[in-house]
Peer 1: 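Before anything else, here's the structure in question.
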2 protein chains.
Amino acid sequence: MSARDRGRPKTSSLAALEDAAHELFLEQGYEGTSVDDIARRAGISRATFFNYFSSKSDVLWVDVDHALAGLEHYLQHSGHLGDALRAVAVEHPRDRIPLIVTQSEAMGLGADLAASAGIRLERLRGILAGSRVEASDVWIVLGALVGVLHQWATHQAPRVELGDALDEGLGRIRTVVGSRSVATLF
Amino acid sequence: MSARDRGRPKTSSLAALEDAAHELFLEQGYEGTSVDDIARRAGISRATFFNYFSSKSDVLWVDVDHALAGLEHYLQHSGHLGDALRAVAVEHPRDRIPLIVTQSEAMGLGADLAASAGIRLERLRGILAGSRVEASDVWIVLGALVGVLHQWATHQAPRVELGDALDEGLGRIRTVVGSRSVATLF
DNA sequence: TGACTTTATGTACTCAGTCCAATAAATAAC
DNA sequence: GTTATTTATTGGACTGAGTACATAAAGTCA
């Protein structure tokens, strides 16, 4: 797009901050790690941290937020939910497993995890509600979808490609949730 | 039980703080209301507020938390999930509709609502996982259940008794989620 | 009256998140 | 080269949630 290389270049990156934070979370626990700690280890200032992330817990959700943004972007053009889901899933590297799933106890994640997860659930719920999902079906479809993703992250990745897991999962949902509208969604 | 009327009696109550907070949330918005404001209106000190609620957002979830506690308590004795759900639902007055559902925009609820909702979702998820729900079915059952409750709160209450809505909803889930274990759950 | 129990309160503290003004580092135009 | 413009970094002051704790207040019981 626009935004060529004008202005002062960035000193750090999402990935660098992610790495620094994850190290510290594993060493000291999530609660025991302050934003100052993360910034210090990444070699930036505290103020700059909030230039990359708008909250401490956002560091845990880089991949998921990226996927959600992709989903929203996709749906602005082609309207089909199933297509958008598949497109985003295919783009997702099979070895990128949200460490929220794999190492939540190791990081001492607790209420903060559930709370920040709530933000993402609400975002996905909004996406579903904005699609052709019937209002009364939104929650069960949301649950079904998250179930498929969670199953992939915990038991299938990185063996199985996310796109394949999703395909199979959506098929199962289609037959299981026999509701009127759901059949044409995916 | 125990705990007769010993010690200094409480000055306030959950309900009183709830009322004060709701007034302020409607007047000034959720974000625009500090814990100090709530305490002042209720005639207690800020420190005492945290004696009744462990966080500001907990004020929004009194009914839900009460129901969740009842559910957990019920399941410690009789193990049947459906029985426990029905028992808690029947106890719930039909005119007590969580105002999170009805007045969330009026209060300017945003990320805080989603985040605190996440805590309750995780709690309910834990309850389901602790029941006989198969691990791979937990999320879809959770979604189905929340969908039924949300539908009741938004479109049926207070016309319909929560217990009845739940019965009908669970029946629908049973036929719709034809999965192996789910049939015997409710 | 005095021991005991529970609640209320003030105070000091940590930390997340916001705001903003000042500075630094790059490019583009002249 | 010098200057204007753009974008990023930084320090510092600030708000407000939540914690910790020591102390006072208000009741019951012996």
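Residue numbering restarts at 1 for every chain, and letters A, B, ... go by the order of the sequence lines. Remember, predicted model here, so these are calculated numbers, not experimental data.
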Peer 1: Quick one: label B:Thr11 by what it contacts on the DNA or RNA (base, sugar-phosphate, nothing), any heavy atom closer than 4.0 Å.
Peer 2: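 The answer is sugar-phosphate, as B:Thr11 gets under 4.0 Å only of primed atoms, P, OP1 or OP2.
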Peer 1: When you measure from the side chain of B:Arg6, which nucleotide among D:dT6, C:dT27, D:dC29 comes out closest?
Peer 2: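 Selected nucleotide: D:dC29.
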Peer 1: Quick one: A:Arg8 CZ to C:dA25 C1', roughly how many Å, whole number?
Peer 2: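 Rounded to whole Å, this separation is 5 Å.
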Peer 1: Nearest-Å distance, CZ (B:Phe53) to P (D:dG16)?
Peer 2: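 Atom CZ in B:Phe53 sits about 21 Å away from atom P in D:dG16.
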Peer 1: Strictly under 4.0 angstrom, non-hydrogen atoms only: write out the protein contact profile of nucleotides 11-21 of chain C, one letter per nucleotide from the 5' end, B, S or -.
Peer 2: -----BBB---
Peer 1: By ring pair (Phe, Tyr, Trp, His ring centres under 6.0 Å), which residues pair with A:His80, not counting sequence neighbours?
Peer 2: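 Once residues adjacent in sequence are excluded, A:His80 has no partner under the ring pair (Phe, Tyr, Trp, His ring centres under 6.0 Å) criterion.
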Peer 1: Classify A:Tyr52 by what it touches in the nucleic acid, base, sugar-phosphate, or nothing, heavy-atom distance under 4.0 Å.
Peer 2: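 Since only primed, P, OP1 and OP2 atoms lie under 4.0 Å of A:Tyr52, the category is sugar-phosphate.
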Peer 1: From the options D:dT10, C:dT9, C:dT7, select the nucleotide whose nearest atom is closest to the side chain of A:Thr48.
Peer 2: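 Side chain of A:Thr48 sits closest to D:dT10.
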Peer 1: Tell me whether the count of non-hydrogen atoms from other residues, nucleotides or ligands lying under 6.0 Å of NE2 in A:His22 goes above 12.
Peer 2: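 For A:His22, atom NE2 is crowded (more than 12 foreign heavy atoms under 6.0 Å).
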Peer 1: Got a sec, which pairs hit side-chain hydrogen bond (donor to acceptor under 3.5 Å, both in side chains) with one end in residues 98-121 of chain A, sequence neighbours left out?
Peer 2: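 For residues 98-121 of chain A, and leaving out neighbouring residues, the side-chain hydrogen bond (donor to acceptor under 3.5 Å, both in side chains) pairs sorted by first residue read A:Asp58-A:Arg120, A:Trp61-A:Ser116, A:Asp65-A:Arg120.
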Peer 1: Counting only side-chain heavy atoms from C-beta out, which of C:dC4, D:dT9, C:dT27 sits nearest to A:Lys10?
Peer 2: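 For A:Lys10, the side-chain atoms sit closest to D:dT9.
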Peer 1: For B:Arg40 and C:dT9, what is the distance between atoms CZ and C1' respectively, to the nearest whole Å?
Peer 2: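 From B:Arg40 CZ to C:dT9 C1': 15 Å.
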Peer 1: As a test of understanding, state which of A:Leu113, A:Leu24, A:Leu60 forms a side chain to side chain contact (heavy atoms under 4.5 Å, CB included) with A:Tyr30.
Peer 2: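 The side chain to side chain contact (heavy atoms under 4.5 Å, CB included) with A:Tyr30 is passed solely by A:Leu60 among A:Leu113, A:Leu24, A:Leu60.
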Peer 1: May I ask you to verify if any side-chain N or O of A:Asn51 is less than 4.0 angstrom from the OP1 or OP2 atom of D:dT9?
Peer 2: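 For A:Asn51, the contact criterion (side-chain N or O under 4.0 Å from OP1 or OP2 of D:dT9) is met.
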Peer 1: Are any of the side-chain heavy atoms of B:Thr11 and B:Thr48 separated by less than 4.5 Å?
Peer 2: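 The answer is no; the side chains never approach within 4.5 Å.
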Peer 1: With a 4.0 Å cutoff (strictly under), does any side-chain N or O of B:Ser45 reach OP1 or OP2 of C:dT9?
Peer 2: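 The answer is yes; a side-chain N or O of B:Ser45 sits under 4.0 Å from OP1 or OP2.
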Peer 1: Determine whether A:Arg159 and A:Trp152 make a side-chain contact, defined as any pair of heavy atoms from C-beta on separated by less than 4.5 Å.
Peer 2: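 No. Closest side-chain heavy atoms not under 4.5 Å.
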